[in-house]
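Heads up: the structure comes next, in structure tokens.
Worth saying up front: this structure is predicted, and the values here are computed from it rather than measured. Just the heavy atoms: all of them, side chains too, but no hydrogens, waters or symmetry mates, feed the values below.
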Amino acid sequence: MVAPFRPSSRSAAESRLIDSWFVQGSHLRGAEHVRDWLSGMSRHAWMEATRAGLDELPGWTRDPETGFLRHHTGRFFGVEAVTVDHVGAAVPHWQQPIINQPEIGILGILVREIDGVLHCLIQAKQEPGNPGGGLQLSPTVQATRSNYTGVHKGRAIPYLEYFREPLGRRVLVDIRQSEQGAWFYRKRNRNMVVEVGDDVEAIDGFGWLTLRQLAELLSVPDLVNMDTRTVLACLPGGGAYWANAVAANGGFLTALARSADPAAPSVHTTDEVLSWITEARTRTELRVERTALRGLEEWQERDGVISHHSGRFFSVVGVHVSAGGREVGAWSQPMIEPAGTGVIAFLVREIDGVLHILTHARTEPGYADVVELAPTVQCAPENYAVLPDSARPRFLAEVLRSDRVRFDTVLSEEGGRFLGAQNRYLIVETDVDVARDDPEYRWLTLAQYDELLRHSFYVNIQARSLVLCLRSLAVV
């Protein structure tokens with residue numbers, strides 16, 4: 001094993017996290033070993049999803065007045081609809097279906113030391129919406145409240161007790177975070193990382209991986225699932241200690257390392273960034289009202305599918321699911337199926353020797369507080385064929401034409417609610433600039449993202465994934 005990087009002065013917690021970033025682990029060492037593990041798992045952990053009409057889903061009912069689609073228990077989630085008025089936007093008014101899941105679920109990862117290095121307990125898990133139906137690297141626990149309180153009447157969820165009763169254990173992360181504000185109405189999940197001792201072993205279907213191993217696996221399409229990415233992004237960044245471990249590599253990595261150091265210069269102070277977010281939330285005139293799912297403007301329901309009349313954006317479809325190796329062996333549910341592959345991108349630029357990230361203050365109808373910090377570009381390019389030119393993202397052309405791409409991998413979104421949802425995640429170097437007082441964009445450092453990620457509802461789920469991808473560049 002390579003000797004751990006240990007600067008002379010840092011806390012024990014920082015040491016273990018940083019070692020986990022930069023030292024190879026003792027279990028499932030590389031991508032090939034992980035693939036072999038997943039291949040072995042797939043022999044008895046399987047899933048099959050077949051399409052069904054929305055009115056053909058056992059256990060789901062339609063409200064006679066609104067057409068809302070809900071589970072008969074009143075739990076899990078429902079498909080509803082909203083009318084959105086966004087004053088001054090390129091598209092100032094629209095209606096759409098949206099998922100309403102008011103329960104706060106748990107996305108939790110257990111960590112423990114193995115051979116002196118912190119490892120994450122990762123689950124090989126299949127979801128009905130996973131592209132190709134394959135297993136993905138998922139958190140230790142990934143469950144809605146209805147799941148973990150037994151509404152589904154299935155088997156108990158392994159390791160759940162460590163997250164529901166963490167008192168007396170070292171909790172590294174415990175933050176509520178949002179999910180996709182374009183498809184979920186005010187959805188939140190509790191993102192947690194809890195440390196355990198060597199008395200906790202990996203049962204069948206689970207494996208221990210270091211942060212370095214997970215970082216390397218981010219470059220494999222559709223392998224590290226959305227929930228794992230959001231939880232890992234919330235881990236303490238390590239600040240100057242993480243920066244010291246990276247800086248010796250030189251060039252781009254030195255600028256990236258300095259970006260993680262809170263003491264490095266930044267275009268804007270964190271107080272200025274917070275004021276900018278508050279101003280954006282204050283000035284944005286957004287009204288979101290629940291409306292009937294039947295008869296939505298520009299939407300149609302045909303053959304048991306709700307879709308936009310243009311064929312763009314997304315559809316609401318139904319599926320029947322059969323599964324092996326899950327708490328429940330069969331169920332039916334509605335899902336959102338996007339049209340096309342999205343583009344999620346950070347433009348990054350070295351400013352005064354420090355890598356800065358061009359960040360967008362983005363409004364989505366499902367956000368709990370109107371605006372969250374988002375990637376430079378977050379869109380599905382094919383949708384702009386039916387939208388005004390003014391709606392096209394400002395820096396999309398720069399992202400797509402650049403030859404200075406640092407990260408480029410197609411990653412899928414949460415397969416429990418979204419069918420085949422994939423986005424191309426990119427990190428692209430640029431020379432573009434924006435005015436210091438631009439109302440929509442600011443340059444942020446990685447250290448400023450780390451600070452904001454200690455709190456709820458500042459950084460959206462797409463940006464959280466990209467923060468993790470940016471960190472991965474230091475070790476791959």
message = Distance check, rounded to the nearest 0.5 Å: I109 atom CD1 versus T140 atom OG1?
response = 6.0 Å
query = Could you walk me through whether E414 and K125 pass the salt bridge (Lys or Arg N to Asp or Glu O under 4.0 Å) check?
reply = CA-CA 11 Å; E414 207 275 308; K125 190 172 185 180; over 6 Å; no
ask   = Taking the six-membered ring for Trp, are F346 and Y449 parallel (under 30°), tilted (30 to 60°) or perpendicular (over 60°)?
value = tilted
ask   = Under 6.0 Å between the ring centres of W331 and F76?
value = no
request  = Would you please name every residue forming a salt bridge (Lys or Arg N to Asp or Glu O under 4.0 Å) with R302, sequence neighbours left out?
outcome  = none
note = Smallest heavy-atom separation, Y384 atom then C379 atom, equals OH-CB, 3.2 Å
ask   = Quick one: NE2 on H71 to OG1 on T61, what's the gap to the nearest 0.5 Å?
value = 9.0 Å
query = When you check the gap from the basic side-chain N to the acidic O, do R294 and D63 get nearer than 4.0 Å?
reply = no
query = So, are R51 and E337 salt-bridged, with charged N and O less than 4.0 Å apart?
reply = yes
ask   = At what distance, to the nearest 0.5 angstrom, does CZ of R112 lie from CG of L121?
value = 9.0 Å
message = What's the separation between atom CD1 in I104 and atom NZ in K187, rounded to the nearest 0.5 Å?
response = 9.5 Å
task = State, without any angle test, whether E297 and W299 hold a side-chain donor-acceptor pair at a distance under 3.5 Å.
result = no
inquiry  = If the threshold is 4.0 Å, N to carboxylate O, is there a salt bridge linking E364 and R362?
reply    = yes
ask   = Do S322 and E48 have side-chain atoms, one donor and one acceptor, less than 3.5 Å apart?
value = no
Closest approach of G318 to L57 (non-hydrogen atoms, all atoms of both residues) = CA-CD2, 4.0 Å
query = Looking only at side chains, do Q142 and E127 share a donor and an acceptor under 3.5 Å apart?
reply = yes
query = Thinking salt bridges, do E440 and R394 make one under a 4.0 Å N-O criterion?
reply = no
request  = Might you point out which heavy atoms bring C469 and I427 nearest each other, and give the distance in Å?
outcome  = C-CD1, 3.8 Å
query = Between R417 and E179, does a salt bridge (Lys or Arg N to Asp or Glu O under 4.0 Å) hold up when you go through it step by step?
reply = CA-CA 11 Å; R417 299 290 177 266; E179 299 207 5; over 6 Å; no
ask   = What orientation do Y441 and H360 show, parallel under 30°, tilted 30 to 60°, or perpendicular over 60°?
value = parallel
request  = Calculate, to the nearest 0.5 Å, the distance between atoms CZ and CG belonging to F407 and L470 respectively.
outcome  = 10.0 Å
key: From CG (D369) to CZ (F457), nearest 0.5 Å   = 9.0 Å
request  = May I ask you to decide whether R75 forms a salt bridge with E103, counting only side-chain N to carboxylate O separations under 4.0 Å?
outcome  = yes
request  = With sequence neighbours left out, write down each residue that passes side-chain hydrogen bond (donor to acceptor under 3.5 Å, both in side chains) with R392, or none if nothing qualifies.
outcome  = none
note = Of all heavy-atom pairs linking N191 and V173, the shortest is O-CG1, 3.4 Å
message = I need the full list of side-chain hydrogen bond (donor to acceptor under 3.5 Å, both in side chains) pairs touching residues 456-468, with sequence neighbours left out, sorted by first then second residue.
response = R229-S465, T230-R464, Y367-N460, Q378-N460, N460-Q462
